[in-house]
Amino acid sequence: MKSRVGVGIIGFGNIGWGTAKVLLDNAAEIAQKVGSKVELLKIADLDITTPRPVTVPPNILTTDVTEVLNNPEIDIVVELIGGVNPAKKFILQAMANGKHVVTANKELIAKHGTEIFEAAAKNGVDFYFEGSVCGGIPIIAALKTSLAANNVQEIMGIVNGTTNYILTKMANEGSDFGEVLAEAQKAGYAEADPTSDIEGYDAKYKLAILASIVFTGSVNVDDVYAEGITKLARADMENARELGCVIKLLGIAKRNGDKVQIRVHPTLIPMTHPLATVNDVFNAVFVRGDCVGDVMFYGRGAGSLPTGSAVTGDIMDIARNINCGSVGRVPQLNFGPCAVQSMDEVVTKYYMRMRVNDQPGVLAKIGGVFGEHQVSVASVIQKDQVADQAEIVMVMHKVAEANFRRAIEQIAKLPVVSEVCTWIRVEE
Ligand code: HSE
């Protein structure tokens, strides 16, 4: 057993300082649980002068990344700069130097996971990434170990806190998307450039990682459908409530025969669904396994200390592996490609809202088009009338998405239809 396991961090941003703080503040507890000291030896960042909310030992800050990558005393390199480049280069270099790696970099794993897992296997090092999905929620460890015996049929999750905060405010305060986004940016809950969150990319990377673990295949992130929340209006939140539902940005991964569905989009779910009451910046992941049944994980999906907690847990696990001579014990994710079903084949229910002329025969025309495409209407509500226009809200029975899309395209062109405002998938 080593008396000391050396750690070097690359990236002293929010997760970097959070991880440093966890390692330093809880050093005694960590050492006791690991069986040896886990010592933070270096932190590399281009900016080492801006004050951070943690006091680190003198001389551990450096602007030279090679002081981490080539440091013989460092056993575990923690990559916390995010993005693909130069993070990938640093990780591969660290592995080539025989160092174990921990990261919270979802984009890198989603896009280049296979290459990194292969490099880890080739170099006989550990690669852990708990902090990459849902911050402090221990979902990856649970899927890789405690739930590993299950044939997981479905994962459904709220994996992005920014959008959950926005949707919660829209639902509770009757505000519009743009208003709440501006407020969230001001309060620091949304980034100055919120594209990755509000367009669903952040959620797509996280879901691709979870799906790769449970479906034991390497999911091509480009096969994951992602639709954000920018088109949702106050009216949709109100209509959802009247239908006994809420709208959440869900990541959904389901087995379907020999393929899997992996999709991120706004979804109507019944208020009685366990995910319906997950509000504000909180995340939750619902897993359905063939043996365990339903399990749900809930907590903070972002933030310096919650994510620092997940990153440090990984560091401790690797330190234990080093001490027991069992590095490389957990199988990597290079199982071969995973066949993802096209969205055209996905069968689900739909909600839609449109503005139409308020005159006889309009519903018959719309219903006729749906009928032509085997789309069956489950319910229709006529909302407020403005001048000679009415807002119609419809819910459809389950149908293949290709049929629904074809019907909608045709309906949008009917002279009696002013606008197909929104359509949203519905989960039961
Ligand atoms: N921006 C993410 C969120 C956190 O809002 O959940 C980091 O993945």
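Each ligand, and each atom within it, is numbered from 1 in the order the structure gives.
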Nearest-neighbour protein heavy atom for [atom], which is reported as residue plus atom name and distance:
atom	result
atom 5 (O) of ligand 1	Thr162 OG1, 2.5 Å
atom 4 (C) of ligand 1	Ala302 CB, 3.6 Å
atom 7 (C) of ligand 1	Lys106 NZ, 3.5 Å

**Report entry** Polar contact flag for Gly161 and ligand 1 (N/O pairs, less than 3.5 Å)
**Finding:** yes
Should the proximity of [X] to ligand 1, defined as any heavy atom under 4.0 Å, be assigned to the side chain, the backbone, both, or neither?
X	answer
Asp202	side chain
Asp197	side chain
Lys206	side chain

Query raised in the report: If you take all heavy atoms of Val38 and Ala319, which pair is closest and at what distance?
Result: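 Of all heavy-atom pairs spanning Val38 and Ala319, the closest is CG2-CB, 4.2 Å.
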Query raised in the report: With under 30° as parallel and over 60° as perpendicular, where do the rings of Phe404 and Tyr350 fit, or are they tilted in between?
Result: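 Taking Tyr350 first and then Phe404, their aromatic rings lie parallel (interplane angle under 30°).
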Query raised in the report: Taking atom CD of Glu242 as the centre, does the number of heavy atoms from other residues, nucleotides or ligands within less than 6.0 Å exceed 12?
Result: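 Counting neighbours around CD of Glu242, more than 12 heavy atoms of other residues, nucleotides or ligands fall under 6.0 Å, so yes.
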Query - Glu179, CD: over 12 other non-hydrogen atoms inside 6.0 angstrom - result: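 Yes.
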Report task. State, without any angle test, whether Tyr351 and Asp236 hold a side-chain donor-acceptor pair at a distance under 3.5 Å. Result ->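 Present: a donor and an acceptor within the cut-off.
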Query - Verdict with reasoning, Glu428 to Lys398, per salt bridge (Lys or Arg N to Asp or Glu O under 4.0 Å) - result: CA-CA 11 Å; Glu428 289 165 316; Lys398 280 187 174 175; 3.7 Å; yes
